[in-house]
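Notes for the one structure printed next.
Keep in mind it's a predicted model, so treat the numbers as computed, not measured. Whatever order the structure lists them in is the order used to number ligands and atoms, beginning at 1.
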Amino acid sequence: MKRRAVVTGGAGFIGSHLSNLLQRNGYDVTVYDDFSNGSGKKNLSADIKIVRGSILNIEKFKTACKKADVVFNLAVKPLTMSFDRPEEVVRVNDYGTYLVAKACTELHCKMIHVSSSEVYGTAVSIPMKEGHSLIPHTIYAASKAASELYVRGFEKSYGLQMVIVRPFNSYGEYMRTDLYAAVIPKFFGRLLIKRSLIIHGTGKQTRDFTYVEDTCNGIMLADQTRNAIGDTFNIGQGREVSIKTIAKTMIKEYHEITGKNVNEDLFFVAQRKGDVMRHLADISHARKILGYKPVIPIKEGIKKYILWSIDNSR
Ligand SMILES: NC(=O)c1ccc[n+]([C@@H]2O[C@H](COP(=O)([O-])OP(=O)(O)OC[C@H]3O[C@@H](n4cnc5c(N)ncnc54)[C@H](O)[C@@H]3O)[C@@H](O)[C@H]2O)c1
């Protein structure tokens with residue numbers, strides 16, 4: 001029999017890639033999403049069932065999960081929203097996760113909780129292991145750290161079968177391009193209108209950018225590995241790259257792909273509040289226990305993203 005999975009936030013950026021990956025790998029997939037963000041059904045394989053609902057509506061969520069073997073919890077309010085609507089972020093990311101964990105416990109369903117590298121704050125030791133201190137810089141990061149603790153609480157008190165994964169910055173097709181967009185789609189938007197790319201701070205801040213298919217593979221492996229239960233895993237590329245390097249790479253790749261003249265100037269503005277200065281994942285634990293191995297290097301991933309974005313901006 002097929003393994004039955006429910007993916008909360010499954011219409012979002014990572015969620016839609018994950019849902020499609022699970023479906024290709026023989027899972028019976030239901031997406032549970034309130035469509036408050038995300039690109040809707042259009043990026044999801046036709047065989048995937050969709051239930052429109054909020055994780056804050058536990059009765060509806062439990063009905064959607066009745067036959068599920070595993071819930072992948074990705075529903076989230078984004079980091080940038082935590083500056084202007086922090087209560088909303090806390091309500092969904094924390095109370096929502098609490099409800100998902102409660103439902104999974106009551107239904108005896110496994111929970112793969114997708115947290116974030118943001119929980120660490122700026123690296124105090126490099127590369128960052130799972131035992132690195134948690135010093136959140138933003139309300140979003142705090143909400144993700146707290147969400148892990150609720151899931152852990154259900155494990156310890158009530159025996160919830162759970163795994164926590166902490167993806168580092170993921171990028172790729174289907175990333176949101178609205179007000180709350182991340183740096184890579186923002187850079188692409190500027191390239192498209194031939195304006196200089198805007199960098200917050202010095203551009204020397206680093207991230208461990210991970211192509212979304214690698215991220216999703218790590219999340220799926222967290223379910224498929226028996227001895228992962230109860231554990232926490234970094235999911236990253238294991239490479240550190242500065243925002244300035246990302247900007248320059250995007251300028252170069254965009255020029256090579258389109259042959260168009262590009263504004264090569266970088267425009268520096270004030271540092272964003274709560275910005276993490278350095279991130280580099282130690283992925284040895286995920287490699288050893290999950291057999292996780294990222295395969296898409298940053299240059300290749302950026303090229304894929306630009307090609308897709310050009311197609312989708314027509
Ligand atoms: N994007 C990254 O670089 C990154 C890095 C680390 C961790 N993560 C984690 O991965 C997960 C997915 O992130 P993403 O970037 O795909 O986000 P996203 O914003 O693209 O997707 C989130 C989805 O959750 C849905 N949602 C929001 N509130 C909901 C609610 N109350 N009930 C049901 N659905 C709701 C939205 O409609 C959207 O489809 C999150 O848990 C996030 O913390 C993301």
If you measure every N or O of [X] against every N or O of ligand 1, does any of those distances drop under 3.5 Å?
X	value
Asn73	no
Asp33	yes
Tyr140	yes
Leu56	no
Pro167	no

Set of residues satisfying salt bridge (charged side-chain N to carboxylate O under 4.0 Å, His left out) with respect to Arg24, sequence neighbours excluded:
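Applying salt bridge (charged side-chain N to carboxylate O under 4.0 Å, His left out) to Arg24 gives none.
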
Between His137 and Asp275, is any pair of side-chain heavy atoms under 4.5 Å apart?
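Of all side-chain heavy-atom pairs linking Asp275 with His137, none is under 4.5 Å.
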
Mind checking whether Glu240 and Arg278 have side chains closer than 4.5 Å, heavy atoms only?
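Yes, their side chains come closer than 4.5 Å.
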
Any non-hydrogen atom of Pro78 lying under 4.0 Å from ligand 1?
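No, that is not the case, since the closest heavy atom of the residue is not under 4.0 Å from the ligand.
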
Does the residue Ser16 have a heavy-atom contact with ligand 1, meaning some pair of atoms that are separated by less than 4.0 Å?
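Under 4.0 Å: no for Ser16.
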
Which label fits Phe233 and His285: parallel for a plane angle under 30°, tilted from 30 to 60°, or perpendicular past 60°?
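Parallel.
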
Per the side chain to side chain donor-acceptor pair (under 3.5 Å) rule, what does the pair list look like for residues 289-303, sequence neighbours excluded?
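Output for this query is empty, none listed.
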
